[in-house]
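I have placed the structure first, in the form of structure tokens, so that the comments after it can refer back to it.
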Amino acid sequence: MIRGLVLAAAFALGACATSAPPPYAPSASAEIAGYSETQVESNRYFVTYRAPRGASAALLQDYALLRAAELTLQNNRVWFWVDRRSLDEERAQSSGPSVGIGIGAGSWGGRTGGSVGVGVNFPIGGQRTQQAPAATVEIRFGEGPKPADSNAYDASTVATSLRARLAPSG
């Protein structure tokens with residue numbers, strides 16, 4: 001019995017461990033993590049990064065922004081403008097306290113019994129992490145000098161800084 005409880009606890013801790021971030025690569029389909037882009041006009045694109053099992057919303061947004069910068073450079077442009085950002089099916093995971101109640105009954109050796117249990121969870125960390133399966137940015141390539149606006153991005157600077165920050169440490 002105790003061995004079973006130890007195994008269950010080890011499994012639960014393993015399931016809670018942080019998983020590796022999804023890969024930054026093109027996606028072959030909506031079921032595979034990766035980026036895709038859809039051209040809607042000659043200088044306008046929707047750029048999406050999808051992680052079907054969900055991932056940090058901030059990471060998905062960074063991956064979509066990195067792809068937007070790369071796409072801008074591939075089209076021989078210097079800067080791009082983000083018209084809109086969106087997260088698909090947002091959900092928040094809170095690591096705050098929680099309470100659970102369980103009811104059970106059973107019989108063993110000719111005896112029957114019932115029980116009620118109450119559990120309280122106080123996770124360490126207290127952070128709130130927003131998760132999503134996909135992030136999309138709608139971009140358009142800039143013409144002329146880049147304006148001093150928070151929605152205008154220098155493609156080379158964005159690509160360099162995001163690659164450096166998102167590169168796996170090993």
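Bear in mind that the values here come from a model prediction, so they are computed numbers and not experimental data.
- With sequence neighbours excluded, no residue satisfies side-chain contact (heavy atoms from CB on, under 4.5 Å) with Ser150.
- When the side-chain contact (heavy atoms from CB on, under 4.5 Å) test is applied to Ala68, the partners found at least two apart in sequence or on another chain are Val47, Phe80, Val137, Ile139.
- For Ala69 against Val158, the heavy-atom pair with the smallest separation is CB-CG1, 3.8 Å.
- Applying the salt bridge (charged side-chain N to carboxylate O under 4.0 Å, His left out) test to every pair with at least one member in residues 142-158, sequence neighbours left out, gives these pairs: Arg77-Glu143.
- In this structure, Tyr63 has its ring center under 6.0 Å from that of Tyr24.
- Counting heavy atoms from C-beta on, the side chains of Pro147 and Trp79 come closer than 4.5 Å.
- A pairwise comparison of heavy atoms in Ala51 and Ala33 identifies CA-CB, 4.2 Å as the closest pair.
- Hydrophobic clustering (ILVMFWY, side-chain heavy atoms < 4.5 Å, transitive): Leu166 and Val82 are in one cluster.
- The heavy-atom pair separating Ala132 from Asp88 by the smallest distance is CB-O, 3.7 Å.
- Judged as a salt bridge (Lys or Arg N to Asp or Glu O under 4.0 Å), and not counting sequence neighbours, Arg85 has no contacts.
- Applying side chain to side chain donor-acceptor pair (under 3.5 Å) to Arg140 and the options Thr72, Asp83, Asn43 leaves one that passes, Asp83.
- Under the 4.5 Å side-chain contact rule for hydrophobic residues, Leu162 and Leu71 share a cluster.
- Taking the side chain as every heavy atom from C-beta outward, Pro26 and Tyr35 approach each other to under 4.5 Å.
- Considering only residues two or more places apart in sequence or on other chains, Thr136 meets the side-chain contact (heavy atoms from CB on, under 4.5 Å) condition with Phe46, Thr48, Ser86.
- Counting heavy atoms from C-beta on, the side chains of Gln39 and Arg44 never come closer than 4.5 Å.
- Ser36 has its side chain out of reach of Tyr49: every pair of non-hydrogen atoms, C-beta onward, lies at least 4.5 Å apart.
- One distance of note links OH of Tyr45 with CZ of Phe141; it measures 5.0 Å at 0.5 Å rounding.
- Within the structure, every pair that satisfies the salt bridge (charged side-chain N to carboxylate O under 4.0 Å, His left out) test and touches residues 22-37, not counting sequence neighbours, is listed here: Glu37-Arg67.
- Of the inter-residue distances, the one linking Leu66 atom CG with Arg165 atom CZ reads 10.0 Å to the nearest 0.5 angstrom.
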